[in-house]
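Following: one structure in structure tokens, then a few remarks.
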Amino acid sequence: QVQLVESGGGLVQAGDSLRLSCAASGRTFSNMIMGWFRQAPGKEQEFVARISWVSGTKSYGGSVKGRFTISRDNAQNMLYLQMNNLKREDTAVYYCAASNRWTTDKNEYDYWGQGTQVTVSS
């Protein structure tokens, strides 16, 4: 059974940094694409970043590009999201997810974590 478990969320001030982690287990992820999505209250789920587990190729959503960095540790089966210069509009529940496709479409992601709350105050 695939499990994705996020951690690292919390309450921070604007301009602060935070690192989210996602522990992946239950299958081989070497041929998968790992993504981070977020959902703010009253808004649709938004693509944040993705990374190829095998090649390390990355891409980012426009609102976080230059501030967030996605990475993975293959040996530990861990996915990370380093978030710098956080803004109030980054407040959301952040989810990690896994897909067999190089895609930003949340509907193409088959496995999801339970989410971790990030709140940025001004």
* **T116 and L20: CA distance, side-chain angles, deciding distance, side chain to side chain contact (heavy atoms under 4.5 Å, CB included) verdict** => CA-CA 8 Å; T116 186; L20 304 184; 4.0 Å; yes
* Centroid separation F47 to W36 less than 6.0 Å -> no
* Side-chain contact, heavy-atom cut-off 4.5 Å: F29 with L4? -> yes
* Closest heavy-atom contact between A40 and A92? -> N-CB, 3.8 Å
* To do: Enter the distance from T104:OG1 to F37:CZ here, rounded to the nearest 0.5 Å.
  => 7.0 Å
* Can you measure from OH (Y94) to CD (Q39) and round to the nearest 0.5 angstrom? => 12.0 Å
* To do: Sequence neighbours left out, what passes side chain to side chain donor-acceptor pair (under 3.5 Å) with Y109? Give chain and number order.
  => none
* Asked: Which pairs with one or both residues in residues 73-89 pass salt bridge (charged side-chain N to carboxylate O under 4.0 Å, His left out), sequence neighbours excluded?
  -> none
* Asked: For T119, does its backbone N or O pair with a side-chain atom of T91 as donor and acceptor, under 3.5 Å?
  -> no
* Using the test side-chain contact (heavy atoms from CB on, under 4.5 Å), find all partners of S55 that sit at least two apart in sequence or belong to another chain. => S52, T57
* **E6 side-chain N/O to Q114 backbone N/O, donor-acceptor pair under 3.5 Å** => yes
* Pairs satisfying salt bridge (charged side-chain N to carboxylate O under 4.0 Å, His left out), at least one member in residues 22-44, at least two apart -> R38-E46, R38-D90
* Which heavy atom of A49 sits nearest a heavy atom of L81, and at what distance? -> CB-CD1, 4.3 Å
* Structure fact -> OG1 (T103) and CD1 (I33) are apart, to the nearest 0.5 Å, by 9.5 Å
* To do: Identify, with sequence neighbours excluded, every residue that meets side chain to side chain donor-acceptor pair (under 3.5 Å) alongside S7.
  => none
* For S59, check side chain to side chain donor-acceptor pair (under 3.5 Å) against everything at least two apart and list the hits. => R50
* Mark yes or no for whether S30, through its side chain, and V54, through its backbone, hold a donor-acceptor pair below 3.5 Å. => no
* **L86-L11 co-clustered via ILVMFWY side chain contacts under 4.5 Å** => no
* Nearest-0.5 Å distance that lies between atom CD in Q82 and atom CD1 in I70 -> 12.5 Å
Expected list for residues 95-102: side-chain donor-acceptor pairs under 3.5 angstrom, two or more places apart:
| from | atom 1 | to | atom 2 | distance (Å) |
| --- | --- | --- | --- | --- |
| S99 | OG | R101 | N | 2.9 |
| S99 | OG | R101 | O | 3.3 |
| S99 | OG | E108 | O | 2.8 |

* By side chain to side chain donor-acceptor pair (under 3.5 Å) - contacts of Q3 (at least two apart) -> none
* Asked: Which pairs count as side chain to side chain donor-acceptor pair (under 3.5 Å) when at least one residue sits in residues 9-23, sequence neighbours excluded?
  -> S17-N84
* Structure fact -> The side-chain contact (heavy atoms from CB on, under 4.5 Å) partners of K65 (sequence neighbours excluded) come to Y60
* To do: Could you list the residues that satisfy ring pair (Phe, Tyr, Trp, His ring centres under 6.0 Å) with Y80, not counting sequence neighbours?
  => none
* If you round to the nearest 0.5 Å, how far is CG of L79 from CZ of R72? -> 10.0 Å
* Given V48 and F68, is the side chain to side chain contact (heavy atoms under 4.5 Å, CB included) satisfied, shown in steps? -> CA-CA 9 Å; V48 174; F68 291 11; 3.8 Å; yes
